[in-house]
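Take a look at the structure below.
In what follows, residues are counted from 1 in the order of the sequence shown. Every heavy atom of this structure was used, including side-chain atoms; hydrogens, water molecules and symmetry mates were not. Just follow the structure's listing: the first ligand is 1, and inside any ligand the first atom is 1. The structure displayed is predicted, hence computed values, not measured ones.
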Amino acid sequence: MSRTPLIAGNWKMFKTGPEAVAEATRLVELASGVANTDIMIAPTLLSLPLVSGAVAGSNVKLGVQNLFYENEGAYTGEVSAGMAKAAGAEYAIIGHSERRQYFGETDDAVCKKVKASIDGGIIPILCIGETEAQRDEEKTFSVLDKQITNGLNSFCSRDLDPLVLAYEPVWAIGTGKTATPEQVAEIHEYIRSLINRLFGNELAMSIRILYGGSVKPDNVSELMSLGDVDGALVGGASLDADAFIQIIRYDR
Ligand code: PEP
């Protein structure tokens with residue numbers, strides 16, 4: 001089964017509205033000839049409606065970096081899937097390690113957010129990954145088991161059709177340390193086999209599993225050549241359209 005690669009940029013808490021529009025406009029120009037690769041950027045929520053205008057009609061799609069699982073209500077500081085969609089988002093990054101680490105996001109909240117995304121017509125990108133200490137203690141597989149089993153616990157495989165997974169070893173995020181191709185291949189194969197066990201072969205074969213963690217123009221081709229790697233979730237290198245387009249064009 002062929003899975004369309006997805007190259008997703010997480011802009012985190014960078015760029016004002018005008019800066020985000022300028023970078024997105026440049027990316028739209030650079031990416032205009034790209035076919036057979038899905039492209040997404042996730043600017044800050046404040047920039048989202050502005051960037052939505054800049055990417056309208058292009059092959060650059062938008063995402064949010066988080067959303068809340070209720071539709072509306074007294075939840076200060078939060079936005080719902082419906083609100084994100086109305087502002088132009090087609091994807092949502094869910095359970096990023098920075099949200100787990102700094103904002104106390106639990107697998108239970110992650111699960112509700114994945115469900116809210118799917119119900120709201122937004123493609124969730126569920127982030128999973130072990131810390132350096134957990135890898136050193138040989139807990140990588142059990143951590144991933146728990147994050148996937150608990151993060152998807154109320155789903156059947158049909159519900160999960162739109163789901164994207166992103167394996168992001170926490171020790172490789174923003175550190176310049178990329179996991180080796182052997183490590184990435186081993187984990188991605190493991191994740192796909194776990195999805196097979198939990199939800200069946202059809203979903204396991206169709207689900208896109210991205211790698212994230214210091215992906216750069218000079219390491220993307222090798223990572224993307226691995227059979228179970230279906231794209232990249234990119235932080236730092238997505239902030240500059242000239243670097244990001246080299247990642248998007250990894251096979252050219
Ligand atoms: C990320 O934020 O998901 C990420 C992978 O960041 P970086 O590419 O900077 O390591």
Pairs under 3.5 angstrom only: tabulate donor-acceptor contacts from the side chains of residues 67-78 to other protein residues two or more places apart or in another chain.
none

Do any nitrogen or oxygen atoms of ligand 1 lie under 3.5 Å from a protein nitrogen or oxygen, and which ones?
residue	atom	partner	partner atom	Å
ligand 1	2 (O)	N10	ND2	3.4
ligand 1	2 (O)	K12	NZ	2.7
ligand 1	2 (O)	H96	NE2	3.0
ligand 1	3 (O)	H96	NE2	2.8
ligand 1	3 (O)	E168	OE1	3.0
ligand 1	3 (O)	E168	OE2	2.6
ligand 1	6 (O)	G235	N	3.4
ligand 1	8 (O)	G235	N	2.8
ligand 1	9 (O)	G236	N	2.9
ligand 1	10 (O)	G174	N	2.6
ligand 1	10 (O)	S214	N	2.8

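- In summary, the side chains of W171 and E130 do present a donor paired with an acceptor at a separation below 3.5 Å, with no hydrogens or angles considered.
- When atom types are taken as modelled, the side chain of N219 and the backbone of K216 share a donor-acceptor pair closer than 3.5 angstrom.
- Under the 3.5 Å distance criterion, the side-chain polar atoms of R208 are left unmatched by any main-chain donor or acceptor of G231.
- Take D242 and apply the side chain to side chain donor-acceptor pair (under 3.5 Å) test, not counting sequence neighbours, and it matches R26.
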Can you give each donor-acceptor pair under 3.5 Å made by side-chain atoms of residues 83-90, sequence neighbours left out, with the distance rounded to 0.1 Å?
residue	atom	partner	partner atom	Å
K85	NZ	G121	O	3.2

